[in-house]
Amino acid sequence: MFRRHDRQVLLMALVVLGATGLAAGRVPMASTMTDHVGRLLAPVQRPLSATARGLADLVRDAREMERLRARVEELERSNAELVTQHAKFVDLIRENRNLRGEMAFARERVDLDLMGASLIGRRVADEPGNLRHTIKLDVGERDGVLAWMPVATHLGLVGQVVHAAPYWCDVLLITDPASRVEGRVARSRHTGVVTGTPHGQLVMRYIEQGRDGSDPVVQAGDLIYTSGLSQRFPPMILIGQVTEVRQSDEQAHQEAVVRPAVGFGSLEVALVVRGWIPPALAGEPPTLDQAAGNE
Amino acid sequence: MTPYAGLLIIGLTVLVQSSVMPAASLGATKPLLPLLVVVSWGLLRGPMAGAWWALAAGLMMDVLSPSPMLFYTLPMLAVAGIVALGRGRLFPSNLLMPWLVVCAATAAFVLAQRALLPLVGGLVTWRPEAVAREVLLELALNALWLPVVYVPLRSLERRVRRPRIEWEN
């Protein structure tokens, strides 16, 4: 009755409808299916990813030997200065903790002790396409990872866990177009919202326009940190540095292009910050809109 | 070739795409092996075969991505549509045809995903210079990697091709 061609089209339409049902979330097995598939694939993806990165690093390093030598000398000089500063820093932390304890501060400043508050996760896979920016880490619920936990490195903010399976988790990078991070300009203390773009840039939006004659609200070279205002990320985690300001007198706000502090192309390990649970998320699990900063 | 062999090829391609291809990226852009595989197989075996491979590749990419389902499937089906339009317009032995179809398919894929981004909460601007930069960069990378995918698939297709009767063409 039906030609072979018609049967194939009908079968394809049924598959697409089924996938639409999964997309609409009406089939409860969707998330279980992806969890199991991810668990099966993670042991394969991890060595593949590590091998590919190793080969790419070999090629890159061979070309950059001379530059690396100069960089090593510069870093050795820096290190000597930092050792001295570190001793003073440790003393300041001790004094700060004593004072906070005395004043009954409830929350830790995880930016002061990121390693102690975090779990190390290795990158095993990336988003298959180019418009979204997510990575998979090889730590999951069994390691205490929960959705909505911040992810960072010692260099700066990486993103936020959006899905935690038993053995792996998906991290939405701050360069993803759906990411929203409340940032603060270190110099002027003005705030804005840092969003990603499809080609991996960061743009800080909704920055107040400055007044004539006063210092600029934001300028190239300014450092941008998390503000902590929305309570989705701990405060004072470095996001990046401003490279360009887009300002127009006709607009109510100005924008700044921000270079991320973390090099996402070479990121191999990241820290899932377990030692900080946002007060707003201590009760009911948040919705996707809350994670996207729309609420 | 059995459907299971096709699923295996697509599965391996998607796995390599998520684990290995980030190392071959230029900036934040990496070549799209699943797209190249779908275009190549669609040109070699016909639009229906290309559509099935597009559906399978899209669904597998959706499973590996935290994005909602169909975020990759719908653009991949658009790619299959481009292949169906392109096939038969030029002589099959024309060396330029795979590249031309890859260019059109890449543009369709990028534009379809950009159109879907607001549905997943993404902020997207449609400034011509931003769109052109994304499309051209991805297009260049896909065109460079096309021979790596097309040549082996063409050899495979010749091995598994069943003899055709005149009126089946």
Side-chain angles (χ1 to χ4, degrees), chain A residues 5 8-9 12 15-16 19-25 30 33-34 37-38 41 44-49 51-57 124-136 162-163 170 172 175-178 180 195-201 203 205 264-265 288-289 291-292 294, chain B residues 11 14-35 48 51-52 54-75 77 80 109-110 113-114 116-118 120-125 130-131 133-134 137-138 141:
Chain A
H5 181 273
Q8 286 193 345
V9 171
M12 196 179 300
V15 173
V16 173
T20 308
L22 289 174
M33 180 183 73
T34 56
V37 169
L41 291 179
V44 179
Q45 286 177 313
R46 192 180 316 128
L48 270 179
S49 179
T51 305
R53 280 185 207 293
L55 287 171
D57 286 346
V124 295
D126 281 30
E127 179 78 21
N130 289 319
L131 262 61
R132 300 298 309 273
H133 300 277
T134 68
I135 59 174
K136 271 186 173 40
V162 290
H163 175 65
D170 284 311
L172 186 76
T175 52
D176 187 275
R180 310 278 188 276
T195 64
T197 65
H199 44 272
Q201 264 189 336
V203 178
R205 304 177 199 270
F264 292 106
L288 276 173
D289 279 338
N294 293 335
Chain B
V14 173
L15 195 63
V16 167
Q17 174 68 26
S18 66
S19 305
V20 178
M21 295 317 289
S25 60
L26 200 63
T29 307
K30 48 189 179 286
L32 283 173
L33 286 190
L35 182 145
M48 211 60 213
W52 278 115
L55 184 63
L59 287 173
M60 286 188 199
M61 289 164 84
D62 278 327
V63 166
L64 285 187
S65 164
S67 301
M69 291 294 273
L70 302 184
F71 184 71
Y72 286 97
T73 304
L74 291 177
L77 288 174
F109 185 86
V110 172
Q113 280 213 312
R114 269 183 148 266
L116 290 173
L117 261 178
V120 300
L123 269 179
V124 179
T125 59
V131 177
R133 183 174 52 207
E134 274 168 42
L137 188 54
E138 201 156 327
L141 284 172

What part of [X] gets within 4.5 angstrom of chain A, counting heavy atoms only: side chain, backbone, both, or neither?
X      : value
B:L33  : neither
B:Q113 : both
B:T73  : neither
B:A51  : both
B:F71  : side chain
B:L64  : both

Among the options [options], pick out the one with the most heavy-atom pairs lying under 4.5 Å from chain A.
options                     : value
B:S19, B:P118, B:A130       : B:S19
B:S18, B:G122, B:G58, B:S25 : B:S18
B:P66, B:A28, B:A23         : B:P66

Do [X] and [Y] touch side chain to side chain, with heavy atoms closer than 4.5 Å?
X      : Y      : answer
A:R132 : B:S65  : no
B:S67  : A:E127 : yes
B:R114 : A:L131 : yes
B:L137 : A:N130 : no

Can you tell which part of [X] gets under 4.5 Å to a heavy atom of chain B, answering side chain, backbone, both or neither?
X      : value
A:A56  : side chain
A:V203 : neither
A:D126 : both
A:V124 : backbone
A:T197 : neither
A:R46  : neither

Most heavy-atom pairs under 4.5 angstrom with chain B, which of A:P47, A:G265, A:A125, A:G200?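 If we count pairs closer than 4.5 Å to chain B, A:A125 comes out on top.
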Please identify, among A:P198, A:P177, A:G54, the residue contributing the most non-hydrogen atom pairs under 4.5 Å to chain B.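 Ranked by contacts with chain B, first place is A:P177.
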What are the two closest heavy atoms between [X] and [Y], and how far apart are they?
X      : Y      : value
B:P22  : A:R53  : CB-NH2, 4.0 Å
A:R180 : B:G121 : NH2-O, 2.8 Å
A:G129 : B:Y72  : N-OH, 3.0 Å

